[in-house]
Protein chains: 2
Amino acid sequence: MPYRAPVNEFQFIFDHIVGLQSVTATERFEDATTDVVAAILTEAGKLSDEVLAPVNRAGDLEHTRLENGVMRSPTGFAEAYKGIAEGGWVGIAARPESGGMGLPMTVASAVNDMMGAACLSLQLVPLLSMGQIEALEHHASDAIKDLYLPKLTSGEWSGTMNLSEPQAGSDVGALATKAERNDDGTYSITGQKIWISWGDTDFSENICHLVLARLPDGPKGTKGISLFMVPKYIPDEDGNPGERNDLKVVSIEHKMGLHGSPTCVMEYSSAKGWLVGHEHGGMAAMFTMMNNARLGVGVQGVSAAEGAYQHALAYAMERKQGRTPVEGAGAIIDHADVRRMLAGAKADIFAARCISLACAAAIDMGTATGDAAWQARAAFLTPICKAFGTETGMRVSETGVQVYGGMGFVEETGAAQYYRDVRVTAIYEGTNGIQAMDLVARKLMDGGDAAYALLDEIEALAEQARASLPDLAEPVWQATETLREATEWMVGQGDLNERFAGAVPFLMGFARVLGGYYHLRAAMTEGGQGRRSRLAQFYIHRLLPEHKGHLVHARQGAADLYAITHEDLETA
Amino acid sequence: MPYRAPVNEFQFIFDHIVGLQSVTATERFEDATTDVVAAILTEAGKLSDEVLAPVNRAGDLEHTRLENGVMRSPTGFAEAYKGIAEGGWVGIAARPESGGMGLPMTVASAVNDMMGAACLSLQLVPLLSMGQIEALEHHASDAIKDLYLPKLTSGEWSGTMNLSEPQAGSDVGALATKAERNDDGTYSITGQKIWISWGDTDFSENICHLVLARLPDGPKGTKGISLFMVPKYIPDEDGNPGERNDLKVVSIEHKMGLHGSPTCVMEYSSAKGWLVGHEHGGMAAMFTMMNNARLGVGVQGVSAAEGAYQHALAYAMERKQGRTPVEGAGAIIDHADVRRMLAGAKADIFAARCISLACAAAIDMGTATGDAAWQARAAFLTPICKAFGTETGMRVSETGVQVYGGMGFVEETGAAQYYRDVRVTAIYEGTNGIQAMDLVARKLMDGGDAAYALLDEIEALAEQARASLPDLAEPVWQATETLREATEWMVGQGDLNERFAGAVPFLMGFARVLGGYYHLRAAMTEGGQGRRSRLAQFYIHRLLPEHKGHLVHARQGAADLYAITHEDLETA
């Protein structure tokens with residue numbers, strides 16, 4: 001089932017929802033002219049459709065395997081990666097001085113969305129490199145930048161991030177990997193890291209590992225962590241891969257999905273590393289990479305949803321079964337329940353995609369203008385993008401399997417692959433629970449300013465539409481008021497655990513209302529008449545009402561949770 | 001991770017929620033004394049814990065395979081099946097004259113719940129035989145009953161149901177398998193059937209296929225379908241497996257999960273069959289089997305949820321990560337979000353299990369008393385049990401993976417197996433969409449009488465509890481009123497497609513309210529003080545509010561759905 005990149009959808013969202021024109025009006029992004037953006041979308045779409053989508057199935061069936069210590073990728077992966085690298089797509093958002101295109105993150109996110117829908121497991125390679133590039137641009141010394149950035153942006157080398165250890169997963173501060181100072185200014189890194197996506201490849205010339213480790217005098221917790229560049233091959237004087245470093249892939253995980261992407265256990269045995277940023281200041285650089293990756297993973301969720309949706313839609317248009325209430329072909333798409341499933345999937349994809357691109361646009365505005373309000377907007381939207389994007393990926397791929405019926409449970413159709421592959425996106429880069437805790441704690445530390453600014457914006461739009469589109473504007477306005485009350489409740493809780501007890505429902509409720517906002521905005525571009533308005537009707541009348549249940553749940557506090565004892569949970 | 005059958009939970013639900021005492025007070029079920037029921041639960045629990053659970057993983061890893069036309073089950077399956085058969089568990093609900101125990105379906109469902117949680121793929125064998133036994137008891141000739149029932153109830157032979165064909169899935173009436181009359185009163189069956197679970201085994205001596213086929217003079221659609229018993233080996237004069245019949249397993253599907261259970265393509269080539277019921281009257285018998293199986297599959301969903309829950313709970317109690325707000329061990333169970341996930345899972349399992357056992361109890365009362373009101377109650381609850389039970393299986397197994405974090409995506413922990421295995425339960429035996437359509441069409445054909453009787457019952461209980469437990473009773477009463485309005489809306493729609501457009505949300509909303517009812521009832525048994533009350537608080541305050549979103553969605557009608565065109569759904 002071929003994938004067709006939804007190029008026009010991105011263009012619409014750029015122009016009418018997230019205001020890419022404001023981004024490209026800045027000096028920083030002035031090169032991203034209308035023509036350039038249109039060409040980028042078209043070319044990335046072509047790459048996704050013609051080069052990446054065709055290798056997706058092989059990734060699932062063949063797995064990337066570790067054979068006698070050598071990584072072997074599935075048929076076609078090396079060639080497809082070459083397509084990504086040679087197109088310059090790894091460096092799309094990297095600065096020109098790094099060898100990149102210097103385009104906005106908004107545009108890069110659309111490209112990632114297309115590439116991810118086509119082949120999620122391979123798209124992870126450039127996604128990780130992009131995060132590494134951004135971290136190096138912000139935190140590395142000039143020497144490291146000069147050496148690594150051109151190779152990373154060209155895709156010749158690829159990047160990884162090494163945080164987790166067996167005892168240090170969500171709690172990064174518990175990590176035990178050691179760094180010791182060498183006489184020559186380099187460091188020796190020793191320890192084991194887990195969950196390292198693409199810890200090795202057979203198509204990039206060097207693997208650049210960014211590794212979190214603790215110096216002997218590093219304090220406990222996250223404040224004692226430093227970040228190091230630890231390449232597989234130590235660059236020689238000419239900057240080419242030289243001596244083999246003392247690191248290796250010990251094993252790869254046997255996973256439910258995303259088989260094309262090897263998840264590695266890495267072993268560092270006095271491997272040579274170079275400090276990135278300051279000693280004991282590793283978390284700052286890692287946060288740059290993690291925030292980038294959280295947006296990226298949210299986009300992965302959306303992309304998997306798009307892939308699953310297109311796949312299920314094609315089947316529903318063709319599969320005939322039973323009598324439908326509509327004259328004509330009588331395909332299952334014309335059964336009310338199938339149409340409800342597919343319209344719901346499309347409406348949710350639009351919502352989740354707008355959230356991810358609004359987050360990216362806020363990042364771009366923050367970068368270009370240095371405006372704290374934009375930076376706060378970006379920070380606020382990042383966990384929502386990550387968690388709601390990946391939740392949408394799970395829900396839509398589940399729907400995709402359901403539309404296929406029994407055929408969905410059979411692997412040959414490919415519906416199951418989307419369902420299995422996307423499952424990890426709700427876990428990696430910080431589980432969705434961690435995202436929600438970040439939202440209600442750190443992202444409300446401003447007393448709710450960033451949240452309220454967003455709510456004000458939504459209500460202003462709803463006011464504007466009230467006269468012309470009352471049946472869309474009114475529910476959005478009401479929902480925003482309910483969300484405002486829930487936000488005020490959250491901000492009012494001094495004990496963070498009171499917030500955590502409702503963090504995930506709060507995030508889901510917030511996302512539902514944001515979805516209403518973007519659908520309303522889309523409908524307004526058509527004056528309420530047209531395909532986007534019909535989808536907005538569906539979303540606002542059928543899906544938006546879910547926010548109420550979420551937000552009631554969000555405000556329950558922790559008391560009832562902790563009244564339930566371990567024994568209560570165990571006893572049958 | 002060992003499974004422990006929640007024996008006490010079933011006993012509680014029997015005694016305090018679904019009124020098993022009314023069932024066992026009937027003449028039909030008078031042998032099911034308190035002692036017998038307690039012994040049955042204990043023994044079935046032991047079988048599940050000690051015999052079935054240990055083979056679950058092998059089922060996933062080894063698959064049941066077809067080798068040169070011979071079915072090979074995973075290590076331990078044959079021995080475990082022997083345990084099921086020799087314990088008499090296949091015949092638990094079969095009549096004594098069939099060789100069964102004659103126990104209520106309520107008790108049989110609890111046994112199925114335990115066996116399914118332990119090993120879903122193997123439990124499917126007795127489940128299918130149970131459905132076949134019931135169909136034969138109701139519709140077969142004495143000759144067939146005498147020959148097959150003792151062998152089926154003893155588990156020596158196993159049963160299958162053959163409905164689907166490539167062009168006839170949800171639309172059974174489109175089937176093309178041919179039946180021709182032979183001179184000796186038998187029939188010749190020719191055609192291909194798909195989705196045949198356990199179409200062959202290497203541990204039952206004979207396979208009894210109940211096959212839907214059309215006689216040459218059978219009218220089109222479901223009214224021209226007849227049902228046939230088509231055994232793998234034709235019984236000889238002594239009733240032992242004799243000559244090989246002309247049928248075979250052509251291939252088995254490569255599925256996302258439930259690998260232990262082979263899903264077969266069956267080929268019948270003038271295979272010898274015996275009519276069950278009347279010519280052209282096959283659907284009546286098949287409905288007996290399907291209704292039995294729908295209850296059974298709903299129970300499978302609950303059982304998979306229970307298995308996944310216990311598995312995740314054990315991990316959460318042991319895994320340490322980060323600082324928890326509770327003094328003591330500091331396992332992740334004490335993080336608010338993890339506790340929210342697990343408490344939600346437990347609360348939903350209780351709700352779904354009560355629905356399934358209330359459905360079974362209604363079946364029993366209908367059987368024992370012949371009372372049309374009980375039969376209507378059973379018919380009404382069946383699709384809710386099937387769809388909500390399997391939905392709960394999907395949601396809880398998803399939560400199980402999430403609690404495990406990265407380890408949940410790795411196959412070794414087993415969390416992923418629950419997630420993959422249970423996925424099919426929302427599809428087979430009529431997709432959940434089909435269940436919901438059945439609910440809003442056929443099950444409301446009485447003008448809503450069965451639904452309103454249930455709502456009256458809930459409101460009467462809520463009234464009773466209003467004074468003593470206002471914070472539980474009031475929300476349940478309010479939710480029931482909202483559900484009543486939605487039900488009235490449904491009943492008021494003359495065009496069934498108006499109902500279908502909101503069928504799934506209506507079913508989900510109905511299930512949510514039923515869950516509130518059963519939780520309230522449980523809390524009342526403790527006077528609102530105790531572990532069941534704490535769980536009821538959680539459910540009623542955090543999960544019950546979801547009914548509103550569902551029921552608003554349910555009442556949207558079909559117009560907005562059909563306003564969305566094929567092009568709208570296709571266009572990007």
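Below, chain A is the first sequence line, B the second, and so on; all start at residue 1.
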I'd like to check [X] versus [Y] (side-chain heavy atoms, cut-off strictly below 4.5 Å). Are they in contact?
| X | Y | answer |
| --- | --- | --- |
| B:Ile252 | B:Thr263 | no |
| B:Thr413 | B:Tyr404 | yes |
| A:Val422 | A:Thr390 | no |
| A:Ile332 | A:Glu318 | no |
| A:Trp195 | B:Phe409 | no |

Can you tell me which of [options] forms the most heavy-atom pairs within a distance under 4.5 Å of chain A?
| options | value |
| --- | --- |
| B:Lys548, B:Met394, B:Arg532 | B:Met394 |
| B:Met256, B:Glu9, B:Gln167 | B:Met256 |
| B:Ser164, B:Gly433, B:Ala501 | B:Ala501 |
| B:Gly173, B:Pro505, B:Ala5, B:Ala174 | B:Pro505 |
| B:Ala416, B:Gly406, B:Ser170 | B:Gly406 |
| B:Arg339, B:Lys255, B:Glu306, B:Gln537 | B:Arg339 |

For each of [options], tally heavy-atom pairs with chain B at distances under 4.5 Å, and name the one with the top tally.
| options | result |
| --- | --- |
| A:Val7, A:Leu313, A:Val172, A:Thr431 | A:Leu313 |
| A:Tyr419, A:Phe10, A:Phe350 | A:Tyr419 |
| A:Ala558, A:Ala503, A:Pro6, A:Gly257 | A:Gly257 |
| A:Met341, A:Glu546, A:Glu412 | A:Glu412 |
| A:Val424, A:Val552, A:Val410 | A:Val424 |
| A:Gln11, A:Arg555, A:Met407 | A:Met407 |

What part of [X] lies closer than 4.5 angstrom to a heavy atom of chain B: side chain, backbone, both or neither?
| X | result |
| --- | --- |
| A:Arg4 | side chain |
| A:Val338 | neither |
| A:Asn8 | both |
| A:Ile434 | neither |
| A:Asn432 | both |
| A:Thr571 | both |
| A:His550 | neither |
| A:Arg319 | side chain |
| A:Glu570 | both |
| A:Leu569 | both |
| A:Ala426 | both |
| A:Arg512 | neither |
| A:Tyr309 | side chain |
| A:Glu498 | neither |

Against chain A, label [X] side chain, backbone, both or neither, depending on which of its atoms sit under 4.5 Å from a heavy atom there.
| X | result |
| --- | --- |
| B:Leu561 | both |
| B:Arg395 | side chain |
| B:Ala343 | both |
| B:Leu258 | both |

Original post:
Would A:Asn497 and A:Tyr562 count as having a side-chain donor-acceptor pair, cut-off 3.5 Å?
Top reply: yes
**OP:** Using distance alone, with no hydrogens and no angle criterion, decide if A:Gln402 and B:Arg423 have a side-chain donor and acceptor under 3.5 Å apart.
**Re:** yes
Original post:
Charged N to carboxylate O below 4.0 Å: is that the case for B:Asp171 and A:Arg323?
Top reply: no
Please check if the side chain of [X] supplies one atom and the backbone of [Y] the other of a donor-acceptor pair under 3.5 Å.
| X | Y | answer |
| --- | --- | --- |
| B:His547 | B:Met508 | no |
| B:Gln435 | B:Gly430 | yes |
| A:Arg499 | A:Val440 | yes |

**OP:** Test A:Asp568 against B:Leu535 for side-chain contact (heavy atoms from CB on, under 4.5 Å), laying out the working first.
**Re:** CA-CA 8 Å; A:Asp568 290 352; B:Leu535 206 63; over 6 Å; no
Original post:
Stepwise, does the side-chain contact (heavy atoms from CB on, under 4.5 Å) test hold for A:Val504 with B:Arg340?
Top reply: CA-CA 9 Å; A:Val504 167; B:Arg340 180 191 63 81; 3.3 Å; yes
**OP:** Using the test side chain to side chain contact (heavy atoms under 4.5 Å, CB included), find all partners of A:Val265 that sit at least two apart in sequence or belong to another chain.
**Re:** A:Gln192, A:Ile194, A:Val250, A:Ser251, A:Glu253
Original post:
Excluding sequence neighbours, so at least two apart, what forms side chain to side chain contact (heavy atoms under 4.5 Å, CB included) with B:His259?
Top reply: B:Asp60, B:His63, B:Arg420
**OP:** Over 60° means perpendicular and under 30° means parallel, so classify the ring planes of B:His553 and A:Phe538, tilted if in between.
**Re:** perpendicular
**OP:** Locate the shortest heavy-atom distance separating B:Ala331 from B:Thr324; write the atom from each residue and the value.
**Re:** O-CG2, 3.4 Å
